[in-house]
Structure formats: structure tokens, C-alpha cells
Amino acid sequence: MRLTLKVLVSAFLALLVLCAPIGAGATEAPTPSPGTATEEPPGEANTPPQDGPYIGVTLLNSADDGAPLPGVTLTVQSPEGQAVAEGVTGPEGRVFIPIPERGSYVVSIDPTTLPAGIQFDGSTERTVNALLDGGNFAQFQIGAEERVQTPFAERLVTATLGGIKFGLIVALAALGLNLIFGTTKLTNFSHGELITFGAIATYVANRGLGLPVIYAVVAAVLAGAVFGYLQDKVLWKPLRNKGIGVIAMMIVSIGFGLFLRFIYQYTFGGSRRSLSEYGAQRRDEYLGFINLAPKELGIIVVAAVVLTITCIALMKTRLGKAMRAVADNPALSASSGMRVDGVVRSVWILGTALTALSGALLAINSQVNFLMGFKLLLLVFAAVTLGGLGTIWGALVGSMIIGLLYEVGPLFGVPSSIKEVGALIVLILILLIRPQGILGRRERIG
Amino acid sequence: MDFMQVLTSAFSSALGPQAIVFALAAIGLNIHFGYTGLLNFGQAGFMAVGAYGLAVTVVTLEFPFWLGIAIGLMAPIVLAIVLGVPTLRLRADYLAIATIATAEILRLIFGAVEYKDVFGGTNGLNGYARTFQDFNPYSSGLDLGIVRFRADDLWSMTVGWTLVALGCILVWALMRSPWGRVLRSIREDEDAVRSLGKNVFFYKMQALILGGLFGGIAGIFYALKQASVVPTDYSTQFTFFAYTALLIGGAARVLGPVVGAMIFWFLMSGLGTFFGQATSGADPLIPTWAMTDVQASVVRLILVGLGLMLLMIYRPQGIFGDRKELAIDAR
Amino acid sequence: GGDSDDDGGDSAAQSEADGVLTFGSLLPQTGSLAFLGPPEFAGVDLAVEEINEAGGVLGEDVVHVKGDSGDTDSGIAPDETDRLLDAGADVIIGAASSGVSMTVIDKIMNAGAVMFSPANTSTSFDEGDYAEPDLYFRTAPSDILQGAVLSNLLIQDGKQNVAILARQDSYGETLAEQVGEGLEAAGSTVAATVFYGENAQSYDSQVADIAASDPDAVLLIAFEETTTIIPQLVSAGVGPQAVDTYFVDGNTADYSETLDAGLLEGVKGTIPGADSSQDFKDRLLEIDPDLDSFAYAAESYDAVIVSALAAIAADSDAGSDIAEEIVNVTRDGEKCTTFAECKELLEAGEDIDYDGVSGPIELGETGSPTAASIGIYEYDGNNQIEAVDFIDGNI
Amino acid sequence: MPAETSQDALAGVENSPGVPKPDPIVKGSGITRTFGGLRAVDVEHIEIQRGVITALIGPNGAGKTTLFNLLTGFDVPDSGTWSFNGHSLAKVPAYKVARLGMVRTFQLTKVLSKMTVIENMRLGGTGQRGERFWLAPFKGLWSSAEDELTTRADELLARFKLDAKREDFAGSLSGGQRKLLEMARALMVDPELIMLDEPMAGVNPALKQSLLGHVKSLRDEGRTVLFVEHDMDMVRDISDWVIVMAQGQIVAEGTPDAVMSNQAVIDAYLGAHHDTDITELDEAGLEHEAEAELDEGDRS
Amino acid sequence: MSEQLSPDAQVERDKHLAGADGAVLRADNLIAGYLPGVNILNGADLYCQPGELVGIIGPNGAGKSTLLKSLFGLVTIHSGTVTLKGKEITNQRADTLVTAGIGFVPQTNNVFPSLTIEENLEMGCYQEPKKFTERFAFVTDVFPRLGERRKQRAGSLSGGERQMVAMGRALMMDPQVLLLDEPSAGLSPVLQDEVFLQTRNINKAGVSVIMVEQNAKRCLQICDRGYVLDHGTTAYSGTGKALANDPKVIQLYLGTLGAKTD
Ligand SMILES: Nc1ncnc2c1ncn2[C@@H]1O[C@H](COP(=O)(O)OP(=O)(O)OP(=O)(O)O)[C@@H](O)[C@H]1O
Ligand SMILES: Nc1ncnc2c1ncn2[C@@H]1O[C@H](COP(=O)(O)OP(=O)(O)OP(=O)(O)O)[C@@H](O)[C@H]1O
Ligand SMILES: [Mg+2]
Ligand SMILES: [Mg+2]
């Protein structure tokens, strides 16, 4: 601190001395002032030396829109304080000072040579660890203004929007998972791969078949429905018919997940791919405080509409009730005249289609990769559990909470490299207070 | 194509240290899930605290090795208590999520840049295993043609299989006792057990601690055999694979986890070698247009997934499991 | 190496001189790092091919056995290592990720084989048990050097307030730390250092942090997730066309296929390695026509060549013998740049100093490079890179 | 002898709800439990006499099971105090209640499906050393106790006609057999007070009759029995005292005869035919009523 | 199994089957079980004429529920046949049997716990949703409690209330043959009477009913014909009155408790 003060005072005095004789006329000069030192810059100081290491400094006045500061003297010393070399900045504010060999040097600025009216903050010395054969650069920040940090409220809005978007994407997958769990009591560990399926299907339809992304998404959802149908027909229904328990089914799903995941890698490869449209988009302002890129707005609207329609339909329609009935008691459902297999099949179709949509939106939001769904799986599980396993609106509520925690948490001190942690800790806390999930209900005893 | 080598690598893996790690972890899961019905999907977390307990004590805190082992054994017990007190009230599927989340939280924290000084960040910790290696009585490896081990692996295996054997004996002795009976009845219906005057929470806690301890031992053993702890080793995938091993062998069977782990690694390694060989060389068995060597190592995992599915479909009770038990909830 | 059936029961799979130099590559084919695999494998394959074209080592063709390191999640690396060692590997090229290397380093060293990583940049391999150049080596230049070049580049361009967005792993962490230190020492400020986890599904909060810090330059230390992050940076108003953006070796790749044209124009990146000439790339493409990135290909290539030269110098293919010569062949002696040339010199009894495609490769006390050449690249309107400068440096 | 004394003890007790008893084993007052807006239990005062058989009856949904849940610690009341043998039981967890000697069965049976019938029974044994973790691995320490337990279990199984099912999984039992197992298992605990929630629903009449003898002998051994039942023949046959609940409250109490002739109880619970022995009820009567019902159905 | 029947039993069986012609639902010599190799039904016979009310009684574990479940396709029949109106329906899927006109109320697990009462009843007429309002009014008339609590989840109901829902579900459907497994269990006396009454009413309206009951007196009283099942075979059959007064049946099965007067 005291050092800074000293530097400032001496710089100020130096300026006074320099400015005094020039008087009022000095302000007229828009071009670099024709001071004596910068009249004819020494050649070797203004172009980088051909070989051998050197130290380079560019002095720009940030307060003056980055105008260069010519004519300033810089000295280079060895760490022990021996003078090594010296240079004066040229018209572009640059100076290149050759040094005998690589090593550590101290570069200092001579404040007395600074032009008048310059705000100089910070130390006049830099220790340069010159490791490189060519230029080793140092910098002096001159006239730097305070950086304008984005206000907290604005960051909160951005984070919240990010959370809503992410939450909605998760919610689609979570609803799919919850439907399947709710009806079959199967904890489906291959659900992540169904998300990936949606993304890859979108990619294939878009890049492979050349469909515009919007149609590719529709195609992916349809493909998801077909995939759900086939999955049920080929895998899950035969298992049900054999009377295999839910735990065994869960293990089958682990195996199936592994199987699909690496089939994806086998055919699709390990790298990330992107869709042909909606890559980088700038954000527009809505309502004065909401900043969203068009694709983000699209994702939010599509996801919200689909979720609402599906949830309401499930609450109101016979199929929705049948799903819950089958979940409770398949034998009794059959006794009531439901085609249990049919109900379960519709659930697989609907659940996989929703999940595929989630994957497709995720592909638009970010990219396509064979692991993307697997990485999301834990959050989807967390969301479903948080809301209450098997409750329709629970998936939605849980996902929104997870999404928001995920994106807003870092604003409140969760290290962003492990931002899942915040969401997961809250998950555990909520389970402690409501062991049945937020919308879940306790069972009666006795 | 060298089938001998395929078999050698398969058998060596089935008996080697990696299988032991899985066997130990799966023994723990067997106590949790097989006998008590606790759906613990956070076994990797128990392993991680065991391994990090050892590594942090020795490397970061610079305490002696044996204290490290002691702390490594304490850590999973503490975790079990801390985790159990609040979560053992949860229904099985909620417990699964809570444990998975805990394990992930631990793994992320162990790997976080913010705590690099303590846990070594994503690089993990190493340099604590010297004492263990110094005890190695074997000076040379073993080659029986069909299996082949290096000296350090032999030492790990001696220790590891001893631990596995002790674990199996303990589980066997416990599970035939009335104590084991209480655990198994908790798996069926907690309320019924409560109504008969048993402290369900207490028993569940004991099971969680015991199973977690085996997880911790697996973690410590893992850390010793590989001489480094890396956070990504303790991911959920590990727990999945350990469950796979358990279910291949058969849950609620004393030897289930051990045999399951051996079979799992037999297949992983055998298939890997097989496809590796089938696709390498100048004139590969499988033409490159059908499968490249990169794809070959993927195929192994595809087949493991497929195998797991088929096993569950055709023998859902696992190798040792009891078919009758499964049929009960059929209707 | 080769077949070890005749080794006898007492020293199973110990790396022994059997006349055939066998390379095992422990590089990612599956898992989350799988994208790094192809160029590395291509580098190894190319080197092996060239070695054998030049007459092999000790009169025999060298052999390459491939192994999959997976990622640390999959835990298959130790097992694959066993397989490679069983196949008689004398030198194991790998692993790519420092984390994976950690899980197998003891195993490999105990087996007496050389572990030669083309891509480990973590500083922990120069510390503790691994400080001595016993059996572990690498051609990837330490992060310290790349960090110096990067921070230097940023200062040279007059950046005063730099935001760093980095992947949380040993690679991202060390590089971010080195650049940050370099920047601050040279008088610039670090506006923000933000990490993301490897499992991150959305980068929104990290990108928002970057945007909120109002930087005049963004340094992105990432792997292929770059293609996901860039659009998000654009959305947040800190995309490459709004704020000058810098890449590192992990992501300075060809994005002509994956990102919209013009998006990256003007972005600068650094890649360690001397001018990986077009010629080298063409040769790699002959090996694997599908390559779209060349990251660590040169380092992999050099690791193989250096080991082969060391085997010639040691006149043995046993791991421990090779290890003793590795440092020697990379420094202090007659300079040579190709295997054939160096082999000739060695056979003429000269001490050589191999300068490879990845740089001058002077391996130091700890088995890591002490000198390297780092290239600076700039993107054109098609998101393809062009070399603008090469900088040599020492640690 | 004990039977007489216990019945004698109740002889002088007034037939009114919540009446104090000479020697209560359970005492509770002000116990309420609401579910949403529904007041499922609202008991002002209740006492259960020691050493007698008390029946708890009442219409469906009267709150009988809920009261059981509250008394045994399976559910938490909104308010109220209650004690067993002088111990206050507020906030005492279910397993401790059971250990104190107050054991209940469940109306919707809770058998341990994947364990055999005999294992289900053995689980009921109290104070088993082998159930302690540190002793469990050593068979010598608990095997003799286990044998005794098994003998006792086998006796009970024979009495409950489950001996043939001894080695079968409990999950494969029929509905009635589960009820039987549930009750037999509770008896294994050897409780001071046994609370049976509709123990005989679904049990066939002949077996029911022989089991009633067993229940009576429990009383004669000095135990207290509290049971919920809708079978009035059974209530009349074995109970010494009857408590009637309706809408959460105790509405009547007294000896079986007194309660069953209470007009309010008849109207709300027993129905018009309760005093007609059902075998004597003629079909014409039924048919007549049926037609009346049908007419009503048509009109509505 | 049938080969092992003593000549006496064979005669009984023939006698019984003589009345089986024209039966709406008929089971012949059923052998069925849950586990492979363990048969629970060892050659059970049963028939039900149109409009008949048939009661089945028997000791616990005799196989009564198993018999109903196998009629309804919920237990695999190893041998023997089930015919509905002359058409064989052995081992057919339950939901197709519902379409064909059979209704079933199981003994245990007979409600959907997470559905509300109203939804539970709605499931009762799943195949004919249009009839819901009309039938619902009828059911709530019989069990007013169900109407009062229509939004309560069945999982939180008391034992008896559940039973009302289960019975209510059966009343919602409009089957030709109704299979009831202990419909009165757990109900208060007045409601038990109501259930028997309603069963009788339904039967009078032309529906054939097969009911399993432990409230044997009442059951035998209202039924036209009764069976006593033991060890998976039909031990006795006859009219309700005859069985109720058969001393062997009383001794083995009915007991004397209910007959006792104070
Ligand atoms: N968890 C719950 N949530 C909501 N209502 C409940 C819950 N548990 C019980 N009830 C209601 O409380 C009332 C009393 O139930 P309880 O089970 O105690 O009746 P009960 O007297 O045992 O009847 P039953 O003779 O039919 O078994 C019933 O109306 C029931 O619907
Ligand atoms: N799911 C099942 N798995 C195996 N065996 C079973 C199963 N259900 C019932 N059983 C066995 O079948 C036999 C007949 O059972 P069922 O349920 O038909 O008897 P029930 O006559 O209805 O008896 P209750 O009057 O007690 O209901 C019993 O011995 C029982 O143990
Ligand atoms: Mg009740
Ligand atoms: Mg039955």
C-alpha cells in the first residue's frame, strides 16, 4: 500500500515537473506528443530482435481508449538489482529490450518519463520469468478503470433462466422415468441411454437425412416412441411374462444401459457432434430483463407446453388412471378388464418419446455425445425422487428444483466445478424432512 | 489367434486383485441388499472413504501407515453412522437415491480443485503403499501356464483372498444366526419386525456398518494394490458393476458375491483379449470393415451388458440363488 | 517382450530381454476420453511403421500391442495393463490421462517395464516416489511451459483482465494455475478462474460467471467440450467475436465441421510441439484417414521413437535397460530428427540428441521434458487453424 | 380360578363409556388423531382391565385400527397420554412397546414372505442372545435357546393347523393361513397384553372355534387380551368386556350382553338381524328385504 | 389324479356332474398350482348354472381362492378345462375374460391403494366408462361411506372400508358371472348383511354368482348350491341347506359356535 502511495506521489510530482513548461498548449496535441525521447525511436527497441530472448512491454492508456504511450523509459535489472538493459517506448507504445539469456528479470518503469495527466496505478516493477526464446512480455496497467461487474440481480435472473431451461429438459426425461417407474415399478438404469437415443436420433435425422432440426426433433420423438414400443415388445414384456421380479429387472436395465451405451459408441464414435442449425446464437432481450437466445426460448416453450399437456392428460384420461392402477396391482387391473400389457406398452411408448424429446432438446442446447444421457441420469433420478417417485407432477417439481439449484447454487457459493453437489445435498436434506419426496404420500400402517 | 492367451488373461483376472476388490465390495452389498434389503447404491462412497482415509492420513497428515489403515477402517463406519441416522428411515428406492447421491458428493469433493491440498484433486494421492509393498514376501512371480501373476499381484492376492475368506466365514456365521434372521425379516417387512419388539433401526444400522466396512476394506485393498487413490475410481459405475457381480453369483448367498466377481472379471478380461486379438495384426480374424480395434474394446462392454441381461432373463436368481424365493412375489 | 513362455515360472511376465522390442499402448478407446485415442494410436502406429521400415530395433521388427485405458470410471486400465505386460510389452505408451496413469504406474514399474506417456501433464509425476527418472517418462511438455507461453501471448496482445474457463482435472487445473500465475506476475489480472466438472451437462453457470467478470480475453482450457461451450459463450455475449478468445492444446483443433463458419475467426491457440508439419499430418492421415484432431499424436510418435533409440543405445530390449538410456538419447549430442538418421548415428557409436516432431524433447532429471517448442495458431474464417509462430522455451 | 376373579372384578363396573376399571393394564386419555379434516380417533378416556378378554367393536372406519396403531407406537397422536402397566408410552417407539409386553397383530397381515413359516415363528422369540451381533457368530451360545424356541413354535403351529406348512415360505400361504400365522407369531412373543386386530377374519369356523379355546386359556394364564372383531358370535362367546367405538369415540362399554342389547349399538353397528340367530333367519325375510332394497334402488 | 379316485368318489363325481349340462361356467378336473411340481388343485370340479348362486366353503388353505383364480386365468392350469357358456377359456388372459363377461373380486390386495375411491370404482367399469355415473350412484347408495369419501385414497382406508371398495368395484361392473372371494371379510355385521343382500339381489337380477365365504352360515343360507373344498378337491356338494345340516360338514368344517345360543 505504502509503496503504491509513494509511486503515485512521485509519478504526480514528475508529471507536474513535465507539464509546467508546456502549459495550456499541451492539451491541443491529439497525436503522440513530439517529446524529444520519442522523436526518432531507436530501431532495435521497436521491432522485435531477430533471435535471442527479449522482454517486451506495450504501454497503453486504458483511460484514453487504449492510446499508446510513447517515450517512456523502462529498465531491466537482474533480480539482484544489477542493471541489464534499458529501452524507450516507440510511437505504438511498444518497446523490446533484448536480454542476454533466459531467466528472471525485473522490469521497471521510469515514472518521470510518463506523459502528463496519466493515471498510473499499481507497482512500477514487474518480475518477468523469461522462459522463452523469443519475447517475454510484461504489462503495466495504466489508467485502467474499475471493471464493471454484472450486478447480482442480473446474474440471478440469468442463472434462474438457465435453471428453468435445464430443469425443463430434465423434467421431460424425469417424467418419462416416472411414468415407467410409476407403472412397472422398474428403476430403469438404462434411462440415460434413452435420453442419448433422442439426441442421436435427432443428429442422424438432421445430419444424416438432411432434415431441418425442427423436423429432426419430431422425427426423434417418433423414433423414441417406436424404440419404446420395441423395447417393451422384445425385452420387457417377455420378462414380465416370465414373472421376473423388479430387482432382477433393475439389473437387466443396468445391463441394457451398458449395452446401449456402448452400441452408441460403437456406431457413433466417442466424440461430440453438433447439429447443423442453432449452433451459436446471441441472446435477445425480452420484457427488459430476460435475456434468451431464440433456441433457448424455443426449448423452454416446447418443453413447458409438452410437459403441461402430458401431465394434465395423465391426470384426466382413463389411460393415466390405468397407469397408476397397473402400478398398484397388475393382477387386479387385469381383473378390472385392463389390458395390462397394453397399458404398460403405452407407458413405454410415451415415456421413451418424452425422454427422446428431452435428449433432442439437450442436443440443441449443447451437443450430441454417447455419454450425455448417462451423465444426466443421476440428476434425473434425483429429480424424480425429490418430487416423489411415481407421482406425475412430482417429476416436474423435482426437476425444476434440481435445475434451479444446479444453476443458481454457484451464485451462493457452491464451487461451480462441483455444482451437482449443491443439488444433491439439497436432495438429501429434503428427503430427511419428507422421506416420501415432496409430492409423495405416506403409506398407512396396519 | 492365441486362445491360450485369451484363457490365461481371463483366468488371471478372475483370480487377480481386481476381482478381489469387487468380491469384497459385493460381500458388503450382499449384507446390505441381499440380506437386509437396503438398496445401497453408494458402495463406491464407502470404498472411497476407506481408501482416502488411508491415503490422507499417510500422505497429507504424514502419520504412520498402520494408523492410516486404522483410520481407513474407521472412516466407512463413521460414514455408515452419519449416513444411516437420517436415511435408514427411507423407503428402499429413496434410500438408493440418497446413497447414490452421497457417494457422488464424496467423489466430487475428493476431486474438487478447492480441496486439492487435502485430497489431491483429480490426480488423487499416492505414496502411502510402500509399507504394504515392503511386506511382500514373494520375490518372483508365478506362472502356471493357465494363470500368470507378478510378485506384487501375488502378494495382493494373498492378502486379498484371505480377507475374502474371512469375510465369507463371518457372513456365513452371522447369517445362519438369529441375528441374520432378523436382518432377513427386515428385508421382508419392517413393521412386522417392529411389532415383535426388535429395534429395526439398530439392526439396519449394524448391517449398514458391517456392509460399509466391507466396502471400506475393498477401498483400502484397492488403494493398496494400485498404490494410488483417484476420485474417478469411485464412481457409480463401480457400484453398478459390484451389483452385477453380486447378482451374477446370487444375492443372499454367502459365496454369491465371490463367484460373481470372478465370473465378471473372467468375462471382462477374456472378451477384451479375445476381441483385441481378433481385430489386431495384419490379417485380423474379424475384418476391419466389420470391427476396428477401437471398436473391439467397446464390444466387450456391449457383450457384458448383453450377458448381464441374458443372465437375469434365464437365471434371475444368479448362479447360487434360490429359484423358489423368486417365485414367491410372482403373483 | 514377445512371447514369454520360455521365461520360466519364477519371473512371470517380467520385462526381459528377448530380442523383440514390444510396445504396448495403453490409450483410451472407450470412456469419456475416447476422443483422445485415435491421434495417439495413429502416432504410435506411424512410429512403429517407420521404425520397421528403417530396419527395426536390434535386428528385429518392433511389435505394437494395443490396450484400452478406458477412463478411470471404468477401472479397466489395471487389467489391460496386465494383458499388455503378459503380451511381453517392454514399453507401455500411455496413459493419456494423468489419473489413469496413476492407477497403473506402480504396476508397470514393478514389472520392470518402461511407462512412457505422451500426454500426462500433471506435475505429480515429477514428485514424490516418481521424482527419479527410473521407469516413468513422458514427452508431453510440462504445463509450466505451455502456461508460460499462453500467459505471454495474452500479455503480448495487451490483455489486462483475463477470464479462465477450465476443465476440472489435472490438465485443466495445472494449466489454469500456471497461466494465472504467469499473468499476474507479468502485471495482468485474472478476472475469474472458473472450473467445470467432467460430467457437467450444462455450462450455463460457469459461462455466466465468465460473462459477469467482464473480461477482455477468455482463455478456454478444455477438450472437445469446446464445441458445446463456445455457443454458450456466444449466447452469454462473451463469444469469440465479442471478446478475444484463446485456446490451449486440448482444444486447438479443426472445427470446420462442428462449428458455424466464422465463429472462431481470430481465436488463438497454442499447441506444444515444433511445427507439426503438414507432412507429419499427412503421414498420420495415411495411417488413419478419419483423424480430425492431431492432439498428442506427435508426442506419442516421439515416445515410441525415443524408446526405440534408447533400446538401440542400450543394446537391449529389457525395460530397465531402455530406461537408463532414454534421457541420454534426448539431449547432449549429435542432433538428429528422424529414426533412421538417429539409428545410423547410434550405430556409428555417436551420442545423439533426438529432436522430435513434438519439439526438442530434452528430458530432464525427472523424466519429463525440460525444453519444448510451442506453436501458436490462429483460426481462419473456416474454423481451421494456421500456424503463426513457434516459440522455444526451457524450464 | 383367574377367569372367575377377573370377571368378578368387572362385575361392579358401570356400563358407561370411559369408565374406570379396578385394575387397568392400559390407561389412556385425551387421545386424538386426525387425518386431514377427519377425526379418526378421539378417545376421552379408556381403560383396559388386566387379565380379561376385552373386545373392541365398532363400524368400519370407527378408528379401531388407528387406536391400535397409536397405543403401540406405530402412529403418533395429535394429543393424548396413555400408559401401559404404569409406564407412560408417549413417544415410545413401537419396538419398545412390544418389549414392554404389549404386542399387536395387523389387520392387513404382515407375514415375512420369503422366510419359512417356522422362521417367521422363531422371529417372535424375545430376548434371544443370538440376535445380538457380537454373540451371533458363535452358535454354541444360542443353539440351545433356539431349540427351545423351535419346540414352542412347533406346538403353536400344530394348534393353528399350520404344521404342514412349517417349511413353506410364508408368502405362499392362503389368506386365512396368513391371519393364523400372524396371530401365532404374536403369541411367540409371550406378551402380557396381546392386541389382535380382527384375528379371525377369514378363518374357517371350525378352526376359529378351537382357537377361541386357546385365547381363553391365555386369559386363564393371566394374560390380557384386547381384540377387534366383527364376528358377534365370537365376541359373545369369549369376551368379558366390550368397548364400542364409533367415529373415533368410545360410545358404549359394558359386558357383552349389555352392549349388544344397547339400541344405539344395534342401529349403528349390529343391524336389524343381530339378535336373530342367523340360522333361524328365514329366507322369506331376506327376500322381502331384498325386494325393498331393489325398489329403493330403482327409485334413486 | 382322477384315476386314483376310489370307485365311491367316482360315483359321487358322476352324480355331481350329471347336473352340469348347460352350465354357464364350468370347471372340469382342474389341476393347477403356483409353483412347478406343486399342485394346489387336485382335480376340482365345479359348475354354475345360469342365474345360480354357488357358494364355496372349506378350511383355510383348501384351495378356494386358487380355484377362483384359476377360473379367472390368474393361476396356470396344468390340466383340466374351464368353459364359459360351452366355450373353452382355460388359461385365458384375465382381461379378455372380463370382456367375455366374468367379474372377479380377489380376497387380498383387492383395491388400488394409490387411486382414490372414485377412481377405484371407475376402474370397475373400465371397459364401459359410460356407465360410470349411473353405477356410481348405485354403489354409493349401498355403501354411503364410499360417496362421502370419494376423494380419499384407498391406501389410507380402514380394512372394512377397503372391503367396501372391493365389493363396490364388483357392483360397478355388469358381468354375467361374478366370482367373489370372501366379500364380507372385515365388514361390520350390518354391512355383512348388506353384502349378502346385494349379492342375492344381483343374482336375482340374472347374474350367476360363485362366492367363497368363511361366513359359512350366511353363505349356505343364501346360495342355491354349495361346495365344500378340501385339499384341492371337491369334498362335498349339495344345496346350501343340505350342506349346512350335514353332520360331517358341521364337524369338519362349520363348527358349532355359530349355532350356539346364549
Ligand atoms: N393414513 C390415513 N389417511 C387418511 N385417513 C385415514 C388414514 N388412516 C385411517 N384413516 C381413516 O380413519 C378412519 C379410521 O380408520 P381405522 O383403520 O382406524 O378404522 P377401523 O375402525 O379399524 O375400521 P375397520 O373395522 O374397517 O378396520 C377411517 O375412516 C380411515 O379412512
Ligand atoms: N402364491 C402362492 N404360491 C405358492 N403357494 C400358494 C400361493 N398362494 C396360495 N398357495 C398355497 O395354496 C394352497 C391353497 O391356497 P388358497 O389361497 O387357495 O386357499 P384358500 O382355500 O383360499 O384359503 P383361505 O380360506 O385361507 O383363503 C395353500 O396351501 C397355500 O399355501
Ligand atoms: Mg381396522
Ligand atoms: Mg382364500
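This structure is a prediction, so every number in the text was calculated from the model and none was measured. Every chain is numbered from 1 and lettered A, B, ... according to where its sequence line falls, protein lines coming before strand lines.
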Who are the salt bridge (Lys or Arg N to Asp or Glu O under 4.0 Å) partners of E/E88, not counting sequence neighbours? none
Would you say E/R169 and A/S336 make side-chain contact, with heavy atoms under 4.5 Å? yes
N/O donor-acceptor pair under 3.5 Å between E/D95 side chain and A/A334 backbone: no
May I have the step-by-step check of side chain to side chain contact (heavy atoms under 4.5 Å, CB included) for A/M338 and E/Q127, ending in yes or no? CA-CA 8 Å; A/M338 284 167 226; E/Q127 295 187 344; over 6 Å; no
Measure across E/M123 and A/A322 and return the closest heavy-atom pair with its distance rounded to 0.1 Å. CE-N, 4.3 Å
To check you understand the geometry: which heavy-atom pair defines the closest contact between A/S335 and E/L74, and what is its length? OG-CD1, 3.9 Å
Is chain E contacted by the side chain of A/A327, its backbone, both, or neither, given a heavy-atom distance below 4.5 Å? neither
Could you have a look at E/L179, E/L115, E/V111 and say which one has the most heavy-atom pairs with chain A under 4.5 angstrom? E/L115
How would you list, in number order, the residues of residues 99-110 of chain E that have a heavy atom less than 4.5 Å from chain A? E/F104, E/P106, E/N109, E/N110
Let me confirm one number: the NZ-OH distance from A/K321 to E/Y126, rounded to the nearest 0.5 Å. 11.0 Å
Please lay out, stage by stage, how A/R324 and E/E119 fare under the test salt bridge (Lys or Arg N to Asp or Glu O under 4.0 Å). CA-CA 10 Å; A/R324 283 181 289 144; E/E119 286 167 340; 3.0 Å; yes
Taking everything shown except A/K237 itself, do over 12 heavy atoms lie less than 6.0 Å from its NZ? no
